[in-house]
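Notes for the one structure printed next.
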There are 2 protein chains.
Amino acid sequence: MSTPRKRGPKRTLSEERVTETALALVDREGGAALSVRRVALELGVRPNALYTYVPDRAGLERALVEWVMLQADLAHLDGPARAWRSRIRDYALALRTALLDHPAVAPLLMTAPMDGPAALAVGERLIAAFEDAGLTGKAPARACWVLIVYVVGAVALDVAETDGTLPLASEDDRVAQRRERFAFVPAEDWPRTAASTGTMAEWVTERQFAWGLDRVLAGLAG
Amino acid sequence: MSTPRKRGPKRTLSEERVTETALALVDREGGAALSVRRVALELGVRPNALYTYVPDRAGLERALVEWVMLQADLAHLDGPARAWRSRIRDYALALRTALLDHPAVAPLLMTAPMDGPAALAVGERLIAAFEDAGLTGKAPARACWVLIVYVVGAVALDVAETDGTLPLASEDDRVAQRRERFAFVPAEDWPRTAASTGTMAEWVTERQFAWGLDRVLAGLAG
DNA sequence: ACCTGAACACCGTTCAAGT
DNA sequence: ACCTGAACACCGTTCAAGT
């Protein structure tokens, strides 16, 4: 099938190629398909060849996180001080979209420390936006943390609901899936849960995300 | 070492034994140590014997999540309507504590759908508490979701910072670890981040968690 | 420096066979 | 019904050896 590769220095790969191949793989087949060996196979190379470009599996995952975080345009956080709310709101929505575009990467955000350059850049700009909102002292950095927790946590819970099916189903389909799952909650035991089935089915929607985002922002910088 | 076990129906195990053995294992050696084979070894049984008590690895993980969620006493959510804020606050703090007591389980919460009986019970009581806070219509269920996102997301990010070291280090030690990591952020590139090093080191503390919790609650039911 | 070949110590899961 | 034995198709990672 493939002509057996000779040895020697080829430099056929690069960290970018490895990362993008891994991303395409998980986008196509889901997070469970991610493995050093699988990415190597995709690149037509032996498994251990990847260790020239990536320290280990964890490093590969970190690269994926960095790549996806960079897709959310930080320019959303620019603008006049008085527009701080819409600046943060727009960026949060953009970050959510970027993560949902690559759902297999979302869980990786919650599994490794967020200390890459991309995360630092987000933190820096977000703190500035909260300063524009009038927060002082420790409050801007603390508010930044709360916002990240909300965005990343919301996406991770969303993806967890409907993993295995990749690429992620449409919002409507995911709502339908959740509705079906909650249809069997017995109303005697969990009356409020049963009554809220429709609302809980919407937990995966942008509308619900935006609702929560607005409340969180109101609490942080009313 | 161990006398080779005969075949035949023994019923030496139970789902509880399997779950508790797995929990003890991850508490002792961290989440990376969790495997069907490892738990079987711990129980003195062949790997495939576990499939009598647990459907698969995912089922084992779900059992761990259920077990840990049940450790947070739902009675915190009881009380007079006017005390809704402290009821929710106390429960959120208890859930955080339960999760941090078994840090390896926290990531599993964000990886699988939260639709077990324990999660349903939490949702039901939490919705009731938000109704006591004066929310009506879809708002109680939506607020419930936001609160769960905050608590679970905050703990998952906390654990992600300092995984590998298990049992989880003390709060003071984790703060020191974070401070050390951020000490090298160059102030020219990230002035606000560098200036906030102290505050960001506190992201793993109960104080920071409670600060955010109070803001989130204020936004949800000010 | 970069890649291969081979190996090590693991995985989850299935299935026939014994009791 | 419950467990073993054996097997299958995978993992991440290391290391000596070739170019």
N/O contacts under 3.5 Å, protein versus nucleotides 12-15 of chain D?
from: D:dG12; atom 1: OP1; to: A:Val36; atom 2: N; distance (Å): 2.9
from: D:dG12; atom 1: OP1; to: A:Arg57; atom 2: NH1; distance (Å): 2.9
from: D:dG12; atom 1: OP2; to: A:Val36; atom 2: N; distance (Å): 3.0
from: D:dG12; atom 1: OP2; to: A:Arg37; atom 2: N; distance (Å): 3.2
from: D:dG12; atom 1: N7; to: A:Arg37; atom 2: NH1; distance (Å): 2.6
from: D:dG12; atom 1: O6; to: A:Arg37; atom 2: NH1; distance (Å): 2.8
from: D:dT13; atom 1: OP2; to: A:Tyr51; atom 2: OH; distance (Å): 2.9
from: D:dT13; atom 1: OP2; to: A:Arg57; atom 2: N; distance (Å): 2.9
from: D:dT13; atom 1: O5'; to: A:Tyr51; atom 2: OH; distance (Å): 3.3
from: D:dT14; atom 1: O4; to: A:Asn48; atom 2: ND2; distance (Å): 3.2
from: D:dC15; atom 1: N4; to: A:Asn48; atom 2: ND2; distance (Å): 3.3

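By the side-chain hydrogen bond (donor to acceptor under 3.5 Å, both in side chains) test, A:Arg38 pairs with A:Glu29, A:Glu42, sequence neighbours left out. B:Arg46 pairs by the side-chain hydrogen bond (donor to acceptor under 3.5 Å, both in side chains) definition with nothing, not counting sequence neighbours. Among residues two or more places apart in sequence or in another chain, the side-chain hydrogen bond (donor to acceptor under 3.5 Å, both in side chains) test is passed with B:Ser196 by none. Checked against ring-ring contact (aromatic ring centres under 6.0 Å, His included), A:Phe209 has the following partners two or more places apart in sequence or in another chain: A:Tyr150.
Of the side-chain N and O atoms in A:Thr52, none sit less than 4.0 angstrom from OP1 or OP2 of C:dA1. The side chain of B:Thr12 contributes no N or O atom lying less than 4.0 Å from OP1 or OP2 of D:dC2. OP1 or OP2 of D:dC3 lies within a sub-4.0 Å distance of a side-chain N or O belonging to B:Tyr53.
When side chains are defined from C-beta on, A:Tyr91 does not count as touching A:Arg125, because their heavy atoms never get closer than 4.5 Å.
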N/O donor-acceptor pairs under 3.5 Å from side chains in residues 182-191 of chain B, not counting sequence neighbours:
none

Per-pair distances, 0.1 Å, donor-acceptor, side chain in residues 114-122 of chain A, under 3.5 Å, sequence neighbours excluded:
from: A:Asp115; atom 1: OD2; to: B:Arg181; atom 2: NH1; distance (Å): 3.4

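The strand DNA chain C forms stems, runs of 3 or more Watson-Crick or G-U wobble pairs with distances below 3.5 Å, at C:4-8 with D:12-16, C:12-16 with D:4-8.
The salt bridge (charged side-chain N to carboxylate O under 4.0 Å, His left out) analysis of residues 97-110 of chain A, with sequence neighbours excluded, yields no pairs.
Rounded to a whole angstrom, the distance from the C1' atom of D:dA16 to that of C:dC2 is 14 Å.
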